[in-house]
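Worksheet for the structure shown next.
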Amino acid sequence: MLGSRLMRRLVRAKSAPNSLFLSLFAAFLLGVTALFAACSAAEAPPTGSTSTTSGTGGSTSTGSGGKGGEGGDIIDPNQKLEIKPSNPLLVIDLPPTKTVPFSCIDISSGEPVSATWKINTNTLGEISDTGVFSPNGKGIGEVLVECEHGGSSAATTLKVLIHVTEGDETLTPSELDTLKGPSGQSDPAWSFLYPYDGTVFPRGILPPEIHLNSGNAPGDAYHVQIVVNGFEYEGFFKTNATQTRLLMSQMAWDALGLVAGGQTVVVQVSKLVGGQKYGPITRKWILAKGKLHGSIYYESYDTQLTPSPGAILRIKGESPQPEVLIDNCTVCHAAAADGSTLATAQGTFDLSGGMLNPPNLWAGDASFGALYPKQGAVMVTFYAGNPQLVTKNGTIVSESGIEGFKVRAPTFSLDGKHLAFWDQAVSGTGGVLAMVDYDEAAQKFSNYDVLAAVVSQPISTWPAFTPDGKWVVFQIGTTEMTGGGTGRLVAVHTESKQLVDLLKLNGDGYMPAGPRDELKNYEPTIAPIASGGYFWITFTSRRTYGNALIGPPEVTKRLWIAALDLNPAPGSDPSHPAFYVSGQELNAGNSRGFWSLDACKATGEACETGDECCEGACIELEPGSGKTVCGTPQGCSNEFDTCETDGDCCENKGLVCIGGKCSLETPN
């Protein structure tokens with residue numbers, strides 16, 4: 001965050017919010033009721049405690065409305081009390097330091113009285129016994145503030161906005177004035193390298209780093225601005241112009257996701273060259289309301305975290321660096337969707353405890369085995385040559401029906417009812433993408449079906465089911481793995497057999513390195529939970545990463561993630577531009593990121609969403625409290641709670657049952 005010196009400079013350079021922020025704020029006020037219906041939980045009953053004095057202390061809000069009429073106090077003609085300040089506007093920085101001290105006034109005497117203070121939601125902050133509201137910085141919106149005294153009550157509405165300013169303290173007032181002033185000159189050669197335009201970002205990840213080229217005029221300082229509804233971000237940076245990388249704080253990024261989830265935001269960047277402003281140039285990002293859930297298990301070569309030449313690492317979306325799960329060159333892995341079991345070249349491992357160096361269940365070769373999604377009860381192995389159905393403890397299930405096929409890269413659907421694989425018709429290359437049904441009770445495979453025979457490419461491999469089982473995403477190209485050959489990701493509809501090229505995911509036509517990057521995408525896997533109205537694909541790519549990874553394809557093998565629409569129009573590309581997994585090492589080759597849920601939590605443990613809980617539901621302890629724990633489902637199921645049918649999910653929240661979890665049906 002900014003130090004006090006730069007903050008004072010910014011105050012001098014900007015005595016009031018800029019015109020863009022004010023214009024969007026005006027629009028925000030007009031639509032405030034609809035905007036905050038979800039985040040303010042206005043239907044929740046008031047909570048609060050008894051006061052002995054009227055509130056004092058803290059900084060005041062930046063504005064207020066008048067009494068009566070539109071936007072006035074909620075007071076009838078016989079009202080005996082009123083709250084001051086009336087309808088205040090609070091614009092907070094992050095972390096929030098401003099508060100609003102309210103007073104409950106006896107109208108007849110004009111004096112404050114002792115009162116009980118209540119607010120209708122704790123989503124945006126809390127109110128003290130003395131009437132001081134303290135925001136938490138987790139969102140914007142309206143809070144209904146109420147005081148009670150002597151059988152009478154009064155109420156007013158507080159509006160909360162966020163304005164984040166952060167950056168380099170060495171910028172002078174003159175530089176700040178210029179960067180924040182009117183648009184500057186044009187530099188046609190200056191552009192974004194990363195993130196890509198139109199990228200969909202989920203919540204629960206590290207903030208994306210902005211990479212820029214130097215253009216015709218290398219910059220001395222930079223200004224990043226994002227304005228959406230009641231949120232404004234301003235970042236001021238001094239950095240190396242030949243490798244310009246700009247990064248907002250995690251706190252600002254998290255707040256932006258909370259405020260603008262489900263919306264498109266415009267990112268503006270300006271630069272200063274010898275006192276002259278250039279830009280802004282712009283990019284559009286789409287911010288999904290949902291978070292990424294679970295962890296990614298991937299294999300890494302030349303990792304700096306262990307002396308071994310290879311290891312399996314684990315990383316969560318918001319993790320600044322990965323953890324070494326299993327060392328000693330343990331690779332060639334797959335993970336059960338429920339996070340229970342891992343299959344590797346050194347056997348199977350129990351992940352249910354959530355620990356590093358998990359217990360070894362079986363020491364056989366389970367390279368790239370297809371683990372059953374529920375407790376990893378069985379797996380289909382293929383690497384030894386003859387496909388077999390094997391329990392996770394190494395017991396062979398004879399005559400399962402899978403033995404007669406040339407099975408490569410198998411994977412189960414999330415419901416466990418289907419197995420997709422590359423049916424290698426002859427040794428070496430060739431074959432088709434196939435699917436068979438699986439009967440869990442009988443432990444039998446049947447009903448062989450060809451999903452895709454891509455004659456234009458010699459190899460169709462590494463299938464991955466979407467959580468609803470409607471699509472299989474797979475790799476086509478000239479290589480089975482991620483070596484020197486080509487690789488692209490495509491999707492096939494499991495019923496219609498319609499084939500769709502994932503153009504935006506593959507990067508066609510927009511990546512800075514052009515064709516060098518468009519044929520270097522491999523090994524898709526898909527997160528087991530739809531979130532924010534999207535499926536989330538993790539894949540290996542040898543593409544460049546802005547100005548941080550610009551070497552030959554041999555040294556740029558890393559993990560990327562892209563959003564996939566849930567219900568695309570027939571024949572349309574359901575994919576979106578991908579983003580780099582920020583926490584992974586820049587100097588290690590990483591591949592096959594496998595999504596799994598984390599070890600589940602017992603009843604009574606704190607949670608955010610139901611997928612964290614063994615019983616499948618995360619419930620609120622008290623209505624409006626914002627405190628949630630794992631517990632027994634109550635009424636209709638919320639987003640990410642366990643479900644069996646659409647009828648289990650809260651219909652009024654736009655939820656349907658996808659892959660056993662209540663999920664948003666449309667992007668949000």
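We count residues from 1, following the sequence as given. Note: hydrogens, waters and symmetry copies are ignored here, and every other heavy atom, side chains too, is used.
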Take F368 and W462 through the ring-ring contact (aromatic ring centres under 6.0 Å, His included) test and state the conclusion after the steps.
CA-CA 10 Å; F368 303 121; W462 301 118; 5.1 Å; yes
For a quick test of reading the model, state the closest non-hydrogen atom pair linking L389 to I402 and the distance between them.
N-CG2, 4.1 Å
Residue pairs involving residues 286-321 (criterion ring pair (Phe, Tyr, Trp, His ring centres under 6.0 Å); sequence neighbours excluded):
H293-F640
Within the distance-only criterion (no hydrogens, no angle test), does the side chain of R592 pair as donor or acceptor with the backbone N or O of A334 below 3.5 angstrom?
no
E612 and A606 have their tightest heavy-atom pair at OE1-O, 4.3 Å
Tested for side chain to side chain donor-acceptor pair (under 3.5 Å) against N521, the lone hit among R543, R542, R488 is R543
Classify the side-chain pair Q443/S400 by whether it contains a donor and acceptor separated by less than 3.5 Å.
no
Is the ring pair H576/Y534 parallel, tilted or perpendicular, if the boundaries are 30 and 60 degrees?
perpendicular
Any residue meeting side-chain hydrogen bond (donor to acceptor under 3.5 Å, both in side chains) with T479, in chain and number order, not counting sequence neighbours:
none
Donor-acceptor under 3.5 Å (N447 side chain, V436 main chain)
no
Side-chain donor-acceptor contact under 3.5 Å, E585 with T303
yes
Hits for ring-ring contact (aromatic ring centres under 6.0 Å, His included) against W253, two or more places apart or cross-chain, chain-then-number order -> F201
In short, L489 meets E523 closest at the heavy-atom pair CD2-N, 4.4 Å
Pick out which of F579, W536, Y522, Y580 makes a ring pair (Phe, Tyr, Trp, His ring centres under 6.0 Å) with W560.
Y580
Quick one: are T381 and D365 in side-chain contact, heavy atoms under 4.5 Å?
no
Search all heavy atoms of S308 against all heavy atoms of C329 and return the closest pair with its distance.
CB-N, 3.8 Å
Taking the two cysteines C657 and C662, do their sulfur (SG) atoms come closer than 2.5 angstrom to each other?
no
So, C607 with C618, SGs under 2.5 angstrom?
yes
